[in-house]
Structure formats: structure tokens, C-alpha cells
*Asks:* 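Shown below is the structure under consideration.
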Amino acid sequence: MTTRQDERLLDGPLVPVACRRCAAEVLVRKSSWEQTSIQWNAAARAACVNLAEDPHDTCPALRSAIQEAALTGAVRVVE
């Protein structure tokens, strides 16, 4: 049995993005303008002031930072 290699990260690797509000830094990848992968670590979860309070387990300030990073090209949108 062969295993197909997942090459999606070669086209659009995870890149660091920091929240302007709390400086929590996560790794981000955008497969399209509509899809975003966010990899949190323990330090980022502890630093984020919105994460525990948000019912969707997300942070609006970080989402804004990710959107800006995509618009400026700091995060590549694969599409």
C-alpha cells in the first residue's frame, strides 16, 4: 500500500501572524480567500484575551490581523 504525500503545505506553508491587540502569534495558511487554517500553540492561547470569551473559540482582532496579512501578501492565498 502506498501513501499519497500531502503537498498542500508546499504551495502555501504556514506562516506566523501576530495579533495587534495581544501579540499572540499563530501559524496561518490560506487555501483561498474563504478558507483559513490557524495553528494555535499554548503560548498564543494563553496570551489571547478574547479566545476564552468567544463562543466560536476565535479572536476578532486576530482575524483582522490575518485578513490584513493576506491583503498585503504577508500570507499567500494559494487558490
Side-chain angles (χ1 to χ4, degrees):
M1 181 172 143
T2 61
T3 303
R4 189 178 84 178
Q5 184 176 355
D6 185 354
E7 297 180 353
R8 291 177 292 179
L9 291 178
L10 298 176
D11 293 335
L14 291 162
V15 296
V17 175
C19 178
R20 289 183 301 266
R21 182 170 183 207
C22 66
E25 186 173 281
V26 297
L27 295 175
V28 175
R29 178 182 187 275
K30 287 193 73 61
S31 296
S32 68
W33 286 103
E34 295 79 20
Q35 190 281 333
T36 304
S37 297
I38 303 172
Q39 188 173 53
W40 289 82
N41 59 35
R45 291 188 75 82
C48 182
V49 295
N50 292 325
L51 196 58
E53 299 172 4
D54 188 279
H56 303 291
D57 204 25
T58 188
C59 171
L62 179 61
R63 189 172 40 235
S64 176
I66 292 169
Q67 183 178 21
E68 181 179 319
L71 289 171
T72 62
V75 172
R76 181 175 168 230
V77 181
V78 177
E79 287 191 306

*Asks:* Tell me, with the steps shown, if V28 and L14 meet side chain to side chain contact (heavy atoms under 4.5 Å, CB included).
*Replies:* CA-CA 5 Å; V28 175; L14 291 162; 5.6 Å; no

*Asks:* Run the side chain to side chain donor-acceptor pair (under 3.5 Å) test against E34 and tell me which residues pass, sequence neighbours left out.
*Replies:* S32

*Asks:* Would you name the heavy atoms of C48 and C22 that are closest together and state the gap between them?
*Replies:* CA-SG, 3.6 Å

*Asks:* Tell me, please, which residues at least two apart from R63 pass salt bridge (charged side-chain N to carboxylate O under 4.0 Å, His left out).
*Replies:* none

*Asks:* Just jot down the side chain to side chain donor-acceptor pair (under 3.5 Å) partners of Q67, sequence neighbours excluded, or say none.
*Replies:* none

*Asks:* Give every donor-acceptor pair under 3.5 Å between a side-chain atom in residues 37-44 and any protein atom, sequence neighbours left out.
*Replies:*
unit_1: S37; atom_1: OG; unit_2: Q35; atom_2: NE2; d: 3.0
unit_1: N41; atom_1: OD1; unit_2: A43; atom_2: N; d: 3.2
unit_1: N41; atom_1: OD1; unit_2: A44; atom_2: N; d: 2.7

*Asks:* Give me the other members of the hydrophobic cluster that L71 sits in, counting Ile, Leu, Val, Met, Phe, Trp and Tyr linked by side-chain heavy atoms under 4.5 Å, directly or via other members.
*Replies:* W33, V77

*Asks:* For the OG1 atom of T58 and the CG atom of L51, what is their distance to the nearest 0.5 Å?
*Replies:* 7.5 Å

*Asks:* Restricting to non-hydrogen atoms, name the atom on A24 and the atom on A47 that form the minimum distance, rounded to 0.1 Å.
*Replies:* CB-CB, 4.0 Å

*Asks:* Could you tell me if the side chain of V78 sits less than 4.5 Å from the side chain of K30, heavy atoms only?
*Replies:* no

*Asks:* According to the side chain to side chain donor-acceptor pair (under 3.5 Å) rule, which pairs have a member within residues 12-26, sequence neighbours left out?
*Replies:* R20-S64, R20-E68, R21-N50

*Asks:* Check whether any side-chain heavy atom of L27 sits under 4.5 Å from a side-chain heavy atom of V15, and report yes or no.
*Replies:* no

*Asks:* Could you measure the distance from the CZ atom of R29 to the OG1 atom of T36? Nearest 0.5 Å is fine.
*Replies:* 10.5 Å

